[in-house]
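A short write-up of the structure that comes next.
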Amino acid sequence: MKEFNELDELFKEGLQNAHIAPPAGVWGTVASSVSTASTATVTAAAWIVAAKLVVGSIVAVSVSYFAYHAITNNQKEVAPKEKITSEKIAEKISESKSLPAEKPKTIDIEKPIVKTNKPEYYRLPIGSNEEEIAHENGGNLPIGSGIIPSNLPIGSGIIPSNLPTAPVVRNNQPQPESPAVKQTPNNPVSVSTCTHTLSIVATKLAEGMYSLGVAGANGDVFWNFDDGNGYAVKGETAMFNIPTGKSGEIKLKALCRLKNGCKDSAGFILNVDAGTPEVWDFLTPNGDGYNDVYLPLFQAPPAYFDMAIYDANNHTVFHSDNATLGWNGISGAIQCHAGRYLMVLVYKSNASSKSRTIRKTIELIR
Amino acid sequence: MPIGKDITEKELVNKCLRGEPLAQKSLYDQYSPVMYSICMRYAKNAENARDLLQESFIKVFEGLKYFRFQGSFEGWLKRVAVNTCLDFNKKLKSEPYNEELDLHAQIGQQETMNTGLQAKDLIHLLQKLPVGYRTVFNLYAIEGYSHSEIADSLGISDNTSKTQLFKARKLLQAMLAELEK
């Protein structure tokens, strides 16, 4: 019967750096996903450019049309006058007496398509949680998403101007019926159709780096990274990097505008401990200035630090309670042999009341 | 033109970021064996491992632009794979954590092995463990995490982590003893 430490060693040695050829066909799926993602990005960018071109064209045509009419009317006004004779004056006077007074002639200017009032991409009732987002975004929705420009005209053909009014939904629960959400032919959304399905899936890619996704989305998804910019990122997936020096709770929120007109939201709290150190698994004390000393790297000086290095016989070869003093591969006055050692670090960050322990096998390479 | 072997890691990553398919394929070819071995360790079977490898690489290519070359690239890739596996295992809530194994029945189906256990044999043993035991054993014994770190990442208590590790070791001991007979 193997002892526990032998068992651990057996698996660690056998599997830590194992290489197993993956099955065929995985690359094909990965490649298609990668190319789809890049195509989607290009397509989105192309649509934005196309939308801008269409809007620009409409504005240009409208302005040209308006200018043309204005010029034509001016030309009519300045057209060479007929020669005025006393007979013609008398004739005009008699006409004016016999006919009803003619309305003052106005220049018939066709209204330009561009409206200057507030964008109306989402006609939302007062009190909906969208209003809260509008507030967070400084009154416009959703600025900075990079997808929908904030000055897009209504009825331009890019975004339908007859979007249904979304029902009032707070905290994903259907609200009591109000005039704003009453079901009418123009407002086909029913409160009872709003259900909570959204949830956030966060994957830690690396220290401080997360891949975010949502499950249960059935429409546009917007992300709020708790950075004061509101729901500034659009997409079913997003990357989130913890800002340098940030610690404590970070409330990540996702909001989904469902295709049936409802909105759903989900939250995710990241507890950031800025005191987690970066640790390596080797040291090379050869005097080249690289990895000569083994010392965990803290972003901020820890409140408590205790690091011990043990050799294979469980003898302490190094101990330090100073976070700036690391191991240089020497024990007392003796140069340690190359090989594996166990590092046990106990530390407490300033932001945390709980001490943590990291155990790591490190390789002394000579 | 194939990507040369002398290309540096940074050049390879930069080429991938520019969307060069050959570089992406080269990165996959270079690192997929080590990532697949991680996925095999955490997954219940080869099919799950294949899905996890696929998902890991999609995340790698999505997240590549955030890699700042401040640490080992291979280490970063391994972390992506481990985290993907942990997320997957968290979703397997339906599988009981204290599942008992019929060791005789399962080990009896194995082929006779030589005295030296190969990586695939060890993975085969790990895959027989319930998901909770397997995850904690992997994190503690192979990745070198402490119980408090395991507890944090899995959302369990330190004591649960310790218990699961103990049970995982006991089961593995029993399986190895069966094999040695």
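All chains are named by letter (A, B, ...) in the order of the sequence lines, taking the proteins before the strands, and each is independently numbered beginning at 1. Everything quoted here is computed from the prediction, not taken from an experiment.
- A:Ala24 and B:Arg50 make their closest contact through O-NH1, 3.2 Å (heavy atoms, listed as atom of the first residue, atom of the second, distance).
- Across B:Lys25, B:Glu149, B:Glu55, the residue that shares the most heavy-atom pairs under 4.5 angstrom with chain A is B:Lys25.
- Scanning for salt bridge (charged side-chain N to carboxylate O under 4.0 Å, His left out) contacts around A:Arg366 gives an empty result, with sequence neighbours left out.
- Using a 4.5 Å heavy-atom cutoff, the side chains of B:Asp29 and A:Trp27 are not in contact.
- Contacts of A:Ala238 with chain B are absent, with no heavy-atom separation under 4.5 Å from either backbone or side chain.
- Other residues, nucleotides and ligands contribute at most 12 non-hydrogen atoms within 6.0 Å of the NZ atom of B:Lys120.
- Put simply, CZ on A:Phe240 and OH on B:Tyr66 are 11.0 Å apart, with the number rounded to the nearest 0.5 Å.
- The ring-ring contact (aromatic ring centres under 6.0 Å, His included) analysis of residues 146-167 of chain B, with sequence neighbours excluded, yields the pairs A:Phe4-B:Phe166, B:Tyr140-B:His147.
- Residues B:Gln54 and A:Val30 share a closest heavy-atom pair of O-CG2, 3.8 Å.
- Residues of residues 14-22 of chain A lying under 4.5 angstrom from chain B, judged on non-hydrogen atoms, are A:Gly14, A:Leu15, A:Gln16, A:Asn17, A:Ala18, A:His19, A:Ile20, A:Ala21, A:Pro22 in numerical order.
- Between the side chain of B:Ser146 and the main chain of A:Thr357, a donor-acceptor pair closer than 3.5 Å is present.
- Of the listed residues A:Lys12, A:Lys360, A:Glu278, the one with more heavy-atom pairs under 4.5 angstrom with chain B than any other is A:Lys12.
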For side chain to side chain contact (heavy atoms under 4.5 Å, CB included), just list the numbers for A:Val26 and B:Tyr36, CA-CA rounded to whole Å, side-chain angles, deciding distance to a tenth of an Å, and then say yes or no.
-> CA-CA 11 Å; A:Val26 177; B:Tyr36 187 57; over 6 Å; no
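- Here the OG1 atom belonging to A:Thr29 is positioned 10.0 Å from the CG atom belonging to B:Leu53, to the nearest 0.5 angstrom.
- For chain A, the option among B:Leu122, B:Thr84, B:Val34, B:Ile123 with the highest count of heavy-atom pairs below 4.5 Å is B:Leu122.
- With contacts defined as side-chain heavy-atom distances shorter than 4.5 Å, the pair A:Leu10/B:Leu176 qualifies.
- With a 4.5 Å cut-off on non-hydrogen atoms, A:Glu9 does not touch chain B at all.
- Contacts between B:Lys78 and chain A at a heavy-atom distance below 4.5 Å involve the side chain alone, from C-beta outward.
- Closest approach of B:Gly63 and A:Met239 over heavy atoms only: CA-CE, 4.0 Å.
- Proximity to chain A (any heavy atom under 4.5 Å) is restricted, for B:Arg41, to the side chain, taken from C-beta onward.
- In this structure, A:Glu236 has no salt bridge (charged side-chain N to carboxylate O under 4.0 Å, His left out) partners at least two apart in sequence or on a different chain.
- In this structure, no portion of B:Asp51 lies under 4.5 Å from any heavy atom of chain A.
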